[in-house]
Amino acid sequence: MKSFPFLFFALLAILFTSCSKEKTPNMTDYAIIPQPISVVGTGDSFELVENTQIHLVGDSAQLTQISAYLQQLIQNATSLDLQTNTETEPGEGAIVLALDPSLSVGNEGYQLDITKQSIKLSASSEAGLFFGIQTLRQLFPAELEIKSQVSGVKWRIPTGTITDSPEYAYRGAMLDVARHFFSVEDVKHYIDLLAFYKMNMLHLHLSDDQGWRIEIKSWPNLTTIGGSTQVGGGKGGFYTQEQYKDIVAYAQERFITIIPEIDMPGHTNSALASYGELNPGITVPKEHSVKVDRAALGVEGLDPLASELYTGIVVGFSTLATDKEITYQFVDDVIRELAEMTPGPYIHIGGDESHVTEMKDYIPFINRAQEIVAKYGKTSIGWDEIAHATLLPGSVAQYWAVAENAKMAVDQGAQVIMSPATKAYLDMQYDSTTVLGLHWAAYIELDSAYNWEPTAMVDGIGKSNILGIEAPLWTETITNRSELEYMVFPRITAIAEIAWVPKESKDWDSYKKRLIDHGKRWELMGINYYKSPLVDWGK
Ligand code: TNX
């Protein structure tokens with residue numbers, strides 16, 4: 001009986017440690033997408049409370065803006081109104097955002113040190129801090145994503161250290177606002193979702209046969225006529241220059257660069273319907289052609305060669321008149337106005353599927369378009385077909401369909417953006433039962449969207465030739481925000497992980513598990529996502 005008290009206490013101790021073990025958060029179990037390079041947990045937790053402060057270290061106007069972003073994010077759900085300070089030493093319980101140029105975490109990398117007493121996020125650039133905040137956000141309970149006050153949640157995160165930086169500099173998505181128009185609010189919503197996954201490029205496909213979506217002051221019919229409809233014959237729409245600048249600024253605050261695309265010389269019917277001078281004489285496919293209602297649109301003096309508007313989805317029937325000088329005046333004006341309101345380095349000139357432009361006309365056209373882009377201080381991106389032309393130094397080819405084109409671009413010294421239609425196209429159906437989308441390239445289930453390797457797509461194109469990855473969403477069949485979300489989620493997170501994580505660290509099983517938590521977050525955010533049967537989403 002003498003050993004009884006000992007046994008009793010030993011049992012109690014075992015019980016205690018096993019219980020507290022269950023409660024101990026382990027940072028490595030948290031579902032972060034994209035998976036950070038290094039996560040080391042220390043088994044405790046930090047809790048946000050009333051007097052937690054945000055402490056800024058470093059001198060940068062953007063730092064204040066980043067801190068306001070974090071403050072707002074936290075306030076939405078927690079209703080904690082965290083104060084920001086720069087003067088004093090960080091007190092107990094502070095969130096420190098430190099800009100430290102000497103930190104060697106790469107241009108967009110960050111380090112996150114969380115202890116029981118404080119959170120310290122450091123980076124050598126503002127972008128790094130912003131991406132670190134996205135990681136921090138994913139460590140909080142999913143309810144943080146609710147935009148209104150939540151009660152009964154302890155705002156705790158696990159302690160430990162995360163060191164992280166991206167594999168590719170270009171991590172992008174494309175939204176086709178030409179086939180169906182999307183409002184400024186919809187685009188901003190998409191920008192917010194991309195930011196959550198550390199994407200840093202949004203390519204806007206601003207013109208196509210069915211619609212012209214950006215105001216060009218020197219060619220006003222482009223929007224009054226060219227912007228007046230869309231696939232299926234809806235009323236279409238366009239962004240005024242003010243609205244476009246507003247989108248650009250919104251994206252900039254989220255460290256996302258807007259890349260505007262004017263697709264040329266094919267995919268231009270909306271321009272040809274607006275200005276007959278640009279039309280070499282093409283007519284639109286009879287089915288889905290719509291007469292321009294000049295009286296209703298208030299346009300006069302339309303050139304007799306102007307084509308009709310087009311609301312179908314056939315591709316490849318249109319071309320600009322590549323032999324007319326006015327065409328180059330048009331391209332010059334459009335690029336000039338676009339460049340003036342685009343702070344990012346790139347302008348996308350399209351160049352795809354110009355099936356009715358002869359190669360002998362296509363090549364000089366692309367050469368001249370690139371020169372015009374360069375004249376206004378920007379770098380050209382074009383779909384892989386542009387490799388037939390002489391690429392200017394720095395021009396980028398976007399691989400979507402033809403491997404030989406991508407290889408030709410690389411042989412000219414260009415870098416490539418990887419957007420293989422069979423893997424990265426978000427408009428491809430998940431399987432044969434998917435109602436939205438197309439399947440000309442492939443059915444792309446989640447595993448297919450995740451399990452591909454950019455450096456293994458084209459013989460002779462390796463890591464150093466690849467600027468990054470982009471997932472395009474073409475919108476022939478996508479008409480609104482909810483449909484957009486359904487095609488984008490969850491596949492965009494697979495693309496984000498491919499773009500951020502080195503290939504050795506990619507892990508389908510781990511990704512699939514982490515998605516379960518993200519599914520919960522999407523539900524709280526009100527996102528309509530595809531519940532892939534490959535993921536155990538839970539109830
Ligand atoms: C091909 S991808 C196109 C687009 C279509 C898309 C539909 C590319 C450069 N051209 O015009 O919208 O397929 O998936």
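Whatever order the structure lists ligands and atoms in, that order sets their numbers, starting from 1.
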Do [X] and [Y] pair up side chain to side chain, a donor and an acceptor below 3.5 Å, judged on atom types alone?
X	Y	answer
E497	Y511	no
S482	N528	yes
Y197	H518	yes
H348	Q398	yes

Subject >> R491 to Y430 six-membered ring, cation-pi geometry met (6.0 Å, 45°) >> reply: yes
Starting from [atom], locate the nearest protein heavy atom and write down its residue, its atom name and how far away it is, to 0.1 Å.
atom	answer
atom 2 (S) of ligand 1	Y425 OH, 2.5 Å
atom 13 (O) of ligand 1	W440 CZ2, 3.4 Å
atom 11 (O) of ligand 1	R179 NH2, 2.9 Å
atom 3 (C) of ligand 1	E353 OE1, 3.3 Å
atom 5 (C) of ligand 1	E476 OE2, 3.3 Å

Subject >> Identity of the nearest option to atom 10 (N) of ligand 1, non-hydrogen atoms only, from D352, V231, I313 >> reply: D352
**OP:** Please check if atom CG in D459 has more than 12 non-hydrogen atoms from other residues, nucleotides or ligands closer than 6.0 Å.
**Re:** no
**OP:** Answer yes or no: are there more than 12 heavy-atom neighbours, outside K147 itself, under 6.0 Å from its atom NZ?
**Re:** no
State the atoms of ligand 1, each with its element, that fall below the 4.0 Å cut-off from a heavy-atom position in [X].
X	answer
L438	7 (C), 14 (O)
D427	7 (C), 14 (O)
M428	14 (O)
W383	9 (C)

**OP:** Pick out which of K506, K198, K463, K503 makes a salt bridge (charged side-chain N to carboxylate O under 4.0 Å, His left out) with E167.
**Re:** K463
**OP:** May I ask you to check if ligand 1 and D176 share an N or O to N or O distance below 3.5 Å?
**Re:** no
Original post:
Purely on distance, is any nitrogen or oxygen of W474 under 3.5 Å from one on ligand 1?
Top reply: no
Original post:
Is the W522 to F196 ring centre distance short of 6.0 Å?
Top reply: no
Original post:
Is H267 in contact with ligand 1, taking contact as a heavy-atom separation below 4.0 Å?
Top reply: yes
